[in-house]
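Each remark here refers to the structure printed beneath this line.
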2 protein chains.
Amino acid sequence: MNQNLRVPGPTPLPADVREAQAAPMIDHRGAEFAELLGSIRSDIARLTGSGTGAMEAAIVNTHSPGDRVLAVSIGSFGDRFAAIAEAFGASVERLDFEWGTPADPDRLSEALRAGGPYRSVLLTHNETSTGVANPIRELVAAVREAPGEPLALVDAISALGALPFEMDEWRVDLALSASQKAWMASPGIAIAAVGPRARAAEAEAAMPSFYWSFADARRWSEKGQTPWTPAVSVLFGLRRGVERLLAEGREATWARHRAVAAAAQRGVEALDLALLAAPGSRSPTVTAAWLPEGVDWASLNAALRKRGLAVAGGQGRLAGRILRLGHMGDVQLDDILDAITVLGEGLGGLRATPDPARAVDAARDAYRAEAGRGPAAAVPSGAPAARR
Amino acid sequence: MNQNLRVPGPTPLPADVREAQAAPMIDHRGAEFAELLGSIRSDIARLTGSGTGAMEAAIVNTHSPGDRVLAVSIGSFGDRFAAIAEAFGASVERLDFEWGTPADPDRLSEALRAGGPYRSVLLTHNETSTGVANPIRELVAAVREAPGEPLALVDAISALGALPFEMDEWRVDLALSASQKAWMASPGIAIAAVGPRARAAEAEAAMPSFYWSFADARRWSEKGQTPWTPAVSVLFGLRRGVERLLAEGREATWARHRAVAAAAQRGVEALDLALLAAPGSRSPTVTAAWLPEGVDWASLNAALRKRGLAVAGGQGRLAGRILRLGHMGDVQLDDILDAITVLGEGLGGLRATPDPARAVDAARDAYRAEAGRGPAAAVPSGAPAARR
């Protein structure tokens with residue numbers, strides 16, 4: 001039985017990505033690798049590691065111990081960004097928002113005025129632990145208007161590719177992502193786009209770094225190499241994932257994620273589950289819902305997996321209290337309708353639950369309404385095809 | 001044309017490893033992943049990163065800034081280990097040996113007595129940059145007899161699996177490797193085996209660490225997970241590589257590497273190239289040879305690649321002066337004979353060179369002589385089959 005992998009990363013691999021990553025190994029110091037690296041993009045750092053490695057790289061390349069850092073957190077991954085800065089000796093102050101809500105740009109502006117100057121502000125574009133998308137454009141704008149010219153560092157790991165993002169226009173200084181999210185590749189490659197101000201900050205940064213050095217990555221990149229042996233096979237797949245994104249076109253990709261998310265949100269609600277996020281801040285890539293009273297997560301999860309559906313549970317303080325449905329990367333409406341059906345059946349075995357078929361209808365309607373709004377959300381030429 | 005990938009890592013992927021790493025993605029927090037992780041081994045840390053990441057992990061998990069460290073270097077990778085310790089604030093003293101020679105245990109003992117006590121000693125089992133295998137057992141013994149009970153940290157990245165190694169019996173405190181070497185998998189997984197004294201040192205270690213934390217890896221490993229999203233597809237392949245090693249049996253694997261190395265060494269010498277290493281210290285996994293006077297590395301390399309052979313050049317001070325032929329992991333005599341033939345042809349185009357056919361005969365003879373010495377070096381059941 002094929003699994004409907006609906007965790008918020010790693011995401012399902014399209015068949016051509018899987019095929020690409022089965023290619024014979026090559027020399028990472030040879031011409032073929034240089035071509036591979038160049039084909040993905042030459043001006044971003046591709047580091048062999050998890051997304052968390054990219055977060056560590058962002059911190060250590062641009063800070064010195066004692067630097068004042070404002071960490072804006074709306075969930076588990078915001079907390080992680082703060083913890084990394086603390087582990088490396090930054091003086092971290094926190095601006096926390098209730099889990100399930102987005103960060104408020106006005107409150108950020110106030111905090112920056114009242115507490116600044118800061119060396120940097122740590123932001124999360126899409127908080128995977130709560131299914132909330134932050135108003136990242138407005139948050140970055142608040143940072144860039146603050147006294148002391150703090151850097152705006154954005155964890156866009158579960159957002160980049162799936163959500164609109166304008167690095168230059170929004171004046172983001174550093175943005176992070178990871179291969180196993182919207183990029184449709186295997187985990188193992190962390191991605192960092194370093195803007196000019198972050199690059200300038202590297203010269204002064206005194207936190208210890210070796211493996212994660214952006215300067216080394218940049219220097220080796222000039223000859224089409226990486227400083228350390230890279231995850232070559234993951235890059236083979238990532239090249240294919242990038243080709244798929246380019247073929248679909250970014251507006252179409254964003255619209256597809258919006259429409260699929262609308263289906264997920266409406267379908268889950270039609271099963272009588274309450275979402276963590278309010279309508280305006282719901283993530284286009286992951287939907288988080290409260291578990292109904294009396295439903296045990298382990299039992300439900302076992303029932304869903306037995307039916308071929310893999311969703312994620314809660315993290316940290318939300319463990320055992322929520323479920324999370326991922327919809328980023330190679331995802332289409334049918335994947336969501338299948339998930340809603342199985343989730344409804346699984347819940348039905350544990351409690352009185354509305355008819356899954358009606359929830360599926362609601363999900364389909366929501367998809368059509370959203371797909372009708374923007375650029376065509378129906379599968380365009382070159383878009384990911386059905387996986388199963 | 002299939003390439004004969006004879007760089008000293010990444011190594012060629014057996015067909016079943018390639019097939020394994022093309023498997024559909026799975027949830028890294030699910031039961032299937034726990035089984036995958038357990039099948040590889042439960043008591044070593046598998047970190048998503050390059051081998052250099054494992055070196056950084058070894059340093060930051062067991063040291064505090066200011067710790068006195070003795071770095072024993074016989075080449076480029078020994079220098080790298082020292083540089084990482086320095087980057088994180090250790091007080092590093094160096095015991096260097098000429099590139100192409102091994103480290104001398106007696107001189108190490110003297111240095112430890114004269115300069116000690118040290119918190120740790122950094123050692124290289126197999127120096128990939130010069131094709132020299134260190135007498136690691138004797139070096140570790142010297143460390144363990146030294147005043148101040150220094151830790152013996154061993155970079156065994158290009159050795160583990162291919163060369164005899166007895167972590168417990170030799171009292172190694174920490175040993176490192178990486179998936180793309182003798183393990184026959186893709187790059188992306190760094191491996192660290194942490195002994196009891198190194199583990200005890202973690203409690204006192206004050207160097208900053210987050211991503212590379214052994215304690216976090218250990219805690220998550222207990223529930224069959226990794227702290228951060230791991231390179232799942234690389235682990236799929238690594239599981240297969242480990243199965244192949246177990247099926248061949250370690251003595252047979254070691255003997256195969258010895259015999260194949262004998263063929264490589266004799267074959268290269270029969271082409272009138274001088275090896276960097278003296279007979280007693282030649283590496284079973286990589287052979288390094290001086291380029292003949294007047295032979296340009298770039299031209300030779302281009303000629304070899306055109307003929308389907310990928311070897312490596314020199315690193316650091318040896319760039320442009322040597323070539324390196326890798327023979328670890330999924331390697332058989334035929335791979336070496338092909339490499340000798342192509343290398344002889346390539347050199348023949350640039351200078352007067354002995355007949356490659358005679359060099360191939362010499363290589364085959366050396367293989368047979370070595371294979372006749374120990375446990376069967378002929379392909380045993382379950383051993384890697386011919387790749388092409």
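Values below: all heavy atoms of this structure, side chains included; hydrogens, waters and symmetry mates excluded. The chains referred to below are lettered A, B, ... by the order of the sequence lines, with proteins before strands, and numbering in each begins at 1.
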Could you look at [X] and say if it's the side chain, the backbone, both or neither that has a heavy atom under 4.5 Å from chain A?
X: B/P230; result: backbone
X: B/A190; result: neither
X: B/P65; result: neither
X: B/T226; result: neither
X: B/S179; result: neither

Beyond-backbone contact of [X] with [Y], side-chain heavy atoms, under 4.5 angstrom:
X: B/R29; Y: A/V7; answer: no
X: A/P10; Y: B/T229; answer: yes
X: B/W228; Y: A/M55; answer: no
X: B/P208; Y: A/V60; answer: no

Best-contacting candidate, [options], against chain B by heavy atom pairs under 4.5 angstrom:
options: A/N301, A/I26, A/V234; answer: A/I26
options: A/A20, A/G188, A/P227, A/S233; answer: A/S233
options: A/A83, A/A31, A/G326; answer: A/A83

- Message: Around atom CD of A/E32, are there more than 12 heavy atoms from other residues, nucleotides or ligands closer than 6.0 Å?
- Response: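 Counting neighbours around CD of A/E32, 12 or fewer heavy atoms of other residues, nucleotides or ligands fall under 6.0 Å, so no.
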
If we define contacts as heavy-atom pairs under 4.5 Å, which of [options] has the most with chain A?
options: B/A231, B/G53, B/A178, B/S50; result: B/S50
options: B/R80, B/M207, B/E19; result: B/R80
options: B/S209, B/A23, B/G313; result: B/A23

- Message: Angle between ring planes, B/W212 versus A/Y211, binned at 30° and 60°: parallel, tilted or perpendicular?
- Response: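 Rings of B/W212 and A/Y211: perpendicular, over 60°.
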
- Task: State the CE-CZ distance between B/M25 and A/R18, to the nearest 0.5 angstrom.
- Result: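 So the gap between those two atoms works out to 9.5 Å.
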
- Query: Nearest 0.5 Å, what's the CG-CZ distance between B/D27 and A/R305?
  - Reply: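 It is 4.0 Å, given to the nearest 0.5 Å.
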
- Item | Residue pair B/V232, A/Q180: steps toward the side chain to side chain contact (heavy atoms under 4.5 Å, CB included) verdict | CA-CA 10 Å; B/V232 175; A/Q180 79 276 16; over 6 Å; no

- Counting N and O atoms only, with roles assigned by atom type, does the side chain of B/Q21 sit under 3.5 Å from a partner on the main chain of A/Q21, one being a donor and the other an acceptor?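 Yes; at least one donor-acceptor contact below 3.5 Å.
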
